[in-house]
Amino acid sequence: MSNNSFNINETTRRYAKALILSVNPSDKKLVNSNFTEFISLYKKTDLLKVFFQSPLIGPKKRIEILEKILLEMNFCLTFSNFLNTLAKNSKLFLIEKIYYEYIKLLDFNDGITEVTVTTTKALNKKQEEMIKTKIGKHLNSKIKLKKIIDTEIIGGIIITIDSIMIDNSIRQKLSDFNFNERPN
């Protein structure tokens, strides 16, 4: 990982932690809702992305425009102050990464582990519950499934937990099979 990537990851982690620490427990749900709503707007609005990421817009102009957006959106004071802090520190371009880090930290604090499951077709509810139960017991944690459908794995399943991957796909089994060692 490059030094710049490390710095960006560390910066996003620090801002996400700061937001978590600044939120009163009674406001947690409202701040989460505000942040999710804001990220949804950010993803849908190309002009907003350009505004946040452009180095040509100065901090004063950025803060001025952000104030107008915040008035329209009617966000709670804690979240509005958080966005203003990002604007003052020229970190608005990191907003999406900060959001994902914030969600990961909330999950961690709530004892939830995200597990990515890749299959060729959608899992039914029974399969999902079985995976959650078995992995949850093994990790002694609540499980949040992130489901990915990828027909390129041909069949089977790939389970990813943090940096650990269990690849039980047919594609992997075929690539492991050495055709030169087959008996004649």
Side-chain angles (χ1 to χ4, degrees), residues 1-118 132 135 139 141-150 152 158-165:
M1 184 183 316
S2 72
N3 199 24
N4 190 36
S5 294
F6 176 77
N7 290 339
I8 287 174
N9 290 338
E10 186 59 31
T11 301
T12 59
R13 198 170 297 114
R14 286 181 182 173
Y15 277 102
K17 281 182 183 179
L19 180 58
I20 287 173
L21 293 173
S22 68
V23 175
N24 290 329
S26 60
D27 294 336
K28 181 179 174 183
K29 200 171 191 176
L30 180 60
V31 171
N32 294 352
S33 173
N34 286 176
F35 209 163
T36 301
E37 183 181 348
F38 187 79
I39 289 299
S40 176
L41 174 70
Y42 177 78
K43 286 180 176 180
K44 288 189 284 188
T45 313
D46 290 335
L47 192 58
L48 192 58
K49 286 181 187 177
V50 170
F51 165 68
F52 277 22
Q53 296 175 6
S54 175
L56 301 175
I57 300 171
K60 286 184 182 180
K61 187 68 173 170
R62 200 178 307 267
I63 292 168
E64 179 184 313
I65 294 170
L66 181 63
E67 287 294 329
K68 290 178 183 175
I69 293 169
L70 293 175
L71 282 173
E72 281 295 315
M73 297 298 290
N74 199 25
F75 289 133
C76 69
L77 183 62
T78 303
F79 186 67
S80 295
N81 287 341
F82 175 71
L83 288 177
N84 278 319
T85 300
L86 291 177
K88 288 174 187 168
N89 294 325
S90 299
K91 301 296 183 201
L92 279 173
F93 70 98
L94 294 173
I95 191 68
E96 200 169 0
K97 289 181 183 204
I98 293 169
Y99 174 74
Y100 292 119
E101 188 63 34
Y102 173 77
I103 295 300
K104 279 194 334 190
L105 289 172
L106 284 178
D107 285 348
F108 179 78
N109 289 344
D110 292 340
I112 298 171
T113 301
E114 183 176 87
V115 174
T116 303
V117 177
T118 306
K132 283 182 181 180
I135 295 174
L139 297 176
S141 176
K142 293 181 241 169
I143 302 299
K144 178 166 85 173
L145 281 185
K146 178 180 177 185
K147 298 166 279 197
I148 299 174
I149 297 175
D150 180 1
E152 302 238 340
I158 301 172
I159 298 173
T160 308
I161 306 165
D162 293 325
S163 62
I164 299 168
M165 178 189 283

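As the structure is a prediction and not an experimental result, all values here were calculated from the model.
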Crowding at CG, L71 (>12 non-hydrogen neighbours, <6.0 Å)
yes
Return yes if some donor-acceptor pair links the side-chain N/O of T36 with the main-chain N/O of S33 below 3.5 Å, else return no.
no
For the atom pair OG1 (T85) and CD1 (I63), what is the distance rounded to the nearest 0.5 Å?
9.5 Å
Note: E64-K60 ion pair, threshold 4.0 Å (strictly below):
no
Side-chain contact, heavy-atom cut-off 4.5 Å: L86 with I98?
yes
Rounded at 0.5 Å granularity, tell me how far CG in N81 sits from CG in L19.
10.5 Å
In this structure, are over 12 heavy atoms from other groups packed under 6.0 Å from K97 atom NZ?
no
CE-CD1 distance between M165 and I159, expressed to the nearest 0.5 angstrom:
11.0 Å
Tell me, do T160 and T118 make a side-chain contact under 4.5 Å, heavy atoms counted?
no
If I compare all heavy atoms of R62 with all of F52, which pair ends up nearest, and what's the gap?
NH1-O, 3.1 Å
So do F82 and N34 actually touch side chain to side chain, heavy atoms under 4.5 Å?
no
Could you tell me how the ring of F38 sits relative to the ring of Y42: parallel (under 30°), tilted (30 to 60°) or perpendicular (over 60°)?
parallel
With rounding to the nearest 0.5 angstrom, report the CD to CG distance, E114 to L145.
9.0 Å
Nearest-0.5 Å distance that lies between atom CD in E101 and atom CD in E10:
9.0 Å
Give, for atom OH of Y102 and atom CD1 of I95, the distance between the pair rounded to the nearest 0.5 Å.
11.0 Å
Minimum-distance pair of heavy atoms, taken over all atoms of S141 and G111:
OG-O, 3.0 Å
More than 12 foreign heavy atoms under 6.0 Å from CE of M73: is that the case here?
yes
Do F51 and I65 make a side-chain contact, defined as non-hydrogen atoms from C-beta onward lying under 4.5 Å apart?
yes
With a 4.0 Å cut-off, would you call D110 and K28 a salt bridge?
yes
Mind running side-chain contact (heavy atoms from CB on, under 4.5 Å) on D150 and I158 for me, showing each step along the way?
CA-CA 10 Å; D150 180 1; I158 301 172; over 6 Å; no
Does a donor on one side chain sit under 3.5 Å from an acceptor on the other, for N84 and E67?
yes
What orientation do Y99 and F35 show, parallel under 30°, tilted 30 to 60°, or perpendicular over 60°?
perpendicular
Residue pair L105 / K17: nearest heavy atoms and the distance that separates them:
CD1-CG, 3.6 Å
